[in-house]
Amino acid sequence: MSSKKLGNSTDDDVIKKSKRFSLNPSDKEDSLSTTNISSKSSQKDRKDLKRSHPKSIGTDSSESSSSSSDSSSEDERSSSKKSANHHHVPLEPEQKRAKNEKSNDFDHNPHLNPFTNRPFSPAYYKILEKRKVLPAWEARQKVVELVKQYQVLVLQGETGSGKTTQVPQFLLLAGIAKGKAIACTQPRRVAAMSVAKRVSEEMDVALGQEVGYTIRFEDRSGPKTVLKYLTDGMLLREAMNDPMLSRYGVIILDEAHERTLSTDILFGLIKEVLPKRKDLKIVVMSATLNAEKFQEYFEGAPMIDVPGRMYPVEIFYTPEPEKDYLIAAIRTVIQIHIVEDEGDILLFLTGEEEIEQACREIRDEVKKLGNEVGDMLVVPLYSSLPPAQQQRIFDQAPPKNKRGVPGRKVVVSTNIAETSLTIDGIVYVIDPGFAKNKIYNPRLRVESLLVSPISKASAKQRAGRAGRTRPGKCFRLYPERAFEKELKENTYAEILRSNLNSVVLTLLKLGIQDIVHFDYMDPPAPETLMRALEELNYLGALTDDGKLTQIGMRMSEFPLDPQMSKVLLSAEKLQCVNEAVSIIATLNVPMIFLRPKDQQSEADAAKSRFAHEDGDHLTYLNAFNAYKLKKESPDWCYDHYLNSRALKQANDVREQLLQIMVKIGMKIQSKPMNDPDYYQNIKKAILSGYFMQVAHLQRAGHYLTFRDDQVVAIHPSSTLDHKPEWCMYNEFVLTSKNYIRTVTEIRPDWLFEIAPEYFDLDEIKNSEAKRKLERVYKRMKESDE
DNA sequence: GAGCACTGC
């Protein structure tokens with residue numbers, strides 16, 4: 001039985017070896033051989049190793065068998081958790097479970113599909129056999145019992161447990177939702193789509209009928225839908241119109257350990273809803289990493305543990321820290337290629353540039369080795385890569401070369417391969433221990449990306465990528481003591497690393513009054529919340545005592561940053577709705593202008609044909625309008641160095657925004673292009689959202705951001721051909737320098753017209769910009785008289 | 001005169 005090979009391993013169970021390997025090529029013999037591996041023998045590890053005993057999964061699927069379950073490992077599992085939380089409920093031994101199987105067996109009529117009242121198709125039975133060998137299947141009775149008994153259940157189970165597809169079905173067939181629907185949230189669109197499709201097949205129903213999904217721009221669900229997969233952001237949107245989540249009887253928050261902004265808000269919202277909706281059941285599903293935290297948060301929630309199904313992964317560390325992880329990583333790729341058996345390699349790096357450089361160097365190194373070694377296919381992977389090139393990660397490794405040495409594929413990837421994309425056939429993972437992470441500086445109100453060490457959870461996730469199809473190896477390019485002592489347990493939740501303007505607006509719209517004392521699973525810094533309240537107040541979304549205004553209510557309808565929503569609202573009065581919505585749409589998609597490295601000057605020339613002298617926002621508008629005029633032609637885009645995928649996406653966003661505007665009763669109106677105020681009004685509309693992002697040109701020749709006094713330069717990608725004295729910007733980017741990106745000229749007198757409270761001269765400390773504004777203000781008053 | 005981890009509404 002093939003499944004005998006499988007170990008029930010958790011992320012903790014990846015076989016930990018403290019065998020050191022050196023990155024010095026001269027002693028490769030010693031370095032990568034797997035002999036003399038000393039396994040750690042700490043208390044915890046022994047426990048883990050015991051738990052990871054391969055257990056025959058195949059026999060477990062037959063209902064009566066209990067012989068295969070290793071009672072000592074069951075004991076171990078329950079005792080290891082008992083100390084952490086007495087609410088933990090271990091899986092009962094098989095025999096006990098079999099007795100009460102009948103009492104609430106939902107599978108009582110095995111030949112008739114309860115949803116369609118038609119006999120099941122042959123395909124159904126075929127899939128059913130596969131479902132029965134999933135680790136989650138074993139837990140179905142227990143899951144149903146616990147959900148009946150408790151309002152919240154925490155379920156931990158890793159990759160391969162089948163929890164995402166099976167648990168919702170168990171609850172559905174057990175009738176727990178009591179006529180209401182079951183929602184299962186996913187952090188990613190593709191997951192919601194593909195899981196829904198799979199489950200509809202498993203249930204022998206048509207996708208979009210009883211089982212469906214809802215993601216942005218695509219709703220495949222209907223009145224008959226009783227099980228719906230949706231993105232967490234989508235459920236949050238639904239909650240804004242229905243804060244009691246009244247259409248659902250069960251809500252399953254899947255991949256909760258990822259702690260996205262949306263799931264974190266949903267946690268808090270659900271915790272408030274639970275006492276008011278005694279009939280509502282919640283299942284929080286997480287990888288093992290921090291499930292206990294959810295248990296603590298939902299006081300009294302029991303936890304159930306579903307084993308995953310992964311092959312063991314051996315972990316190797318370097319004896320000493322590496323000075324240059326890029327060089328070390330490339331050397332490790334080459335060593336694996338020379339020394340190790342067949343099997344593809346996944347190398348984690350931090351960003352596009354680094355990845356492209358590594359790919360080049362790996363190819364060069366392999367070329368130098370000649371046909372002593374097998375051929376190598378080196379493939380980069382990062383999100384901004386066009387889909388066709390992303391597909392190359394699924395190409396087969398090259399065949400044996402002339403000397404009969406097998407080829408190998410190396411994927412050099414960002415974090416995208418950690419969770420979002422799964423590549424089968426990976427046997428070796430190289431983990432330098434770094435990733436780019438978003439951080440937020442509330443004082444400067446700037447989000448930026450910083451290369452920083454990953455967390456233990458992340459390192460374990462990366463290692464797991466080597467054990468999907470057979471036993472694998474993970475090479476960590478740092479010492480074991482660094483893993484133990486220096487890496488944080490988990491990556492900080494996104495809510496702790498983000499600008500919270502949108503979050504605060506959402507919470508208020510959900511009816512949560514006290515933003516500061518809201519029950520966050522991880523409370524954000526008070527300064528970040530204060531900043532958000534302050535900015536929303538300046539935007540007119542909040543009253544001085546923090547209540548949502550009419551403007552704020554309307555702003556919350558848009559799936560946009562509050563500043564952008566404000567632009568759209570102002571555009572109505574300024575009669576430039578069509579233009580504003582096009583600009584906002586293009587700012588919400590990946591860069592619409594392409595700039596391939598080998599054709600930079602051609603690309604720049606193409607871009608300059610769309611340039612507007614007043615600034616980048618209007619350049620975007622020109623490009624978008626031209627795209628529409630050319631009937632959205634991808635060929636035309638290609639010829640003009642435009643990203644047709646991004647423009648198509650912008651068009652979709654634009655349509656969605658227009659729909660919302662119509663829904664909230666806005667008039668979709670624009671002045672004709674020849675109106676003297678045409679461009680001025682567009683710029684004023686943008687400024688009404690972005691007056692807090694204004695920079696002033698100093699006499700010394702550089703720009704200072706207004707109020708924050710940061711020295712900034714206009715980003716070289718700007719199409720502005722002069723340095724306007726006053727400008728607004730869409731983005732502050734911290735890279736080699738402080739740059740402001742997407743910049744448009746403004747007139748200083750507009751500041752008083754559009755945001756008099758923010759530009760109250762009595763409140764502003766003395767500066768060159770203030771003195772300028774004082775003069776402008778004086779002149780305005782004089783001309784008024 | 002240059003660089004963008006990754007999701008999501």
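The model shown is predicted, which means the values in this text are computed figures rather than measured ones.
- Heavy atoms of A:L261 sit nowhere under 4.0 angstrom from any nucleic acid atom.
- Evaluation of the salt bridge (Lys or Arg N to Asp or Glu O under 4.0 Å) test over residues 731-740 of chain A, restricted to residues two or more places apart or in two chains, returns A:E731-A:R741.
- Nucleic acid contact for A:D561: none, since no nucleic acid atom lies under 4.0 Å from a heavy atom of the residue.
- With respect to A:K723 and A:E745, no salt bridge is recorded, no charged nitrogen being found less than 4.0 Å from a carboxylate O.
- Residues A:D604 and A:R595 are paired through a salt bridge, judged by an N-O separation under 4.0 Å between the basic side chain and the carboxylate.
- Ring planes of A:F593 and A:F610: tilted class, angle from 30 to 60°.
- Base engagement by A:L449 is indicated by at least one non-hydrogen atom pair under 4.0 Å involving a base atom.
- Heavy-atom distances under 4.0 Å link DNA chain B to A:T350, A:G351, A:E352 of residues 350-362 of chain A, given in residue order.
- Salt-bridge formation is detected for the pair A:R188/A:E258: a Lys NZ or Arg NE/NH1/NH2 atom is positioned less than 4.0 Å from an Asp or Glu carboxylate oxygen.
- In 5' to 3' order, the nucleotides of DNA chain B bounding all contacts with chain A (an atom under 4.0 Å from a heavy atom) are B:dG1 to B:dC9.
- A:D324 contributes a side-chain N or O that, together with a main-chain N or O of A:I327, makes up a donor-acceptor pair within less than 3.5 Å.
- Contact annotation for A:Y739: backbone-only contact, meaning every heavy-atom pair under 4.0 Å involves sugar-phosphate atoms and none involves a base.
- Figure legend: A:R497 and A:Y440 shown without cation-pi pairing, the cationic atom not lying both under 6.0 angstrom from the six-membered ring centre and within 45 degrees of its axis.
- Counting non-hydrogen atoms under 4.0 angstrom, A:K438 reaches a base of the nucleic acid.
- Relative ring orientation between A:F624 and A:Y627 is described as tilted, the plane-to-plane angle lying within the 30° to 60° band.
- At the heavy-atom level, A:T260 lies nowhere under 4.0 Å from the strands shown.
- Residue A:Q600 is classed as a base contact, given a heavy-atom separation below 4.0 Å to a base.
- Checking A:R237 against A:S383, the closest nucleotide of DNA chain B that is more toward the 5' end is the one next to A:S383.
- No side-chain donor-acceptor contact under 3.5 Å links A:N441 to the backbone of A:R445.
- Heavy atoms of A:R595 sit under 4.0 angstrom from at least one base atom.
- Take the nearest nucleotide of DNA chain B for A:Q656 and for A:L381: the residue whose nucleotide is more 5' is A:L381.
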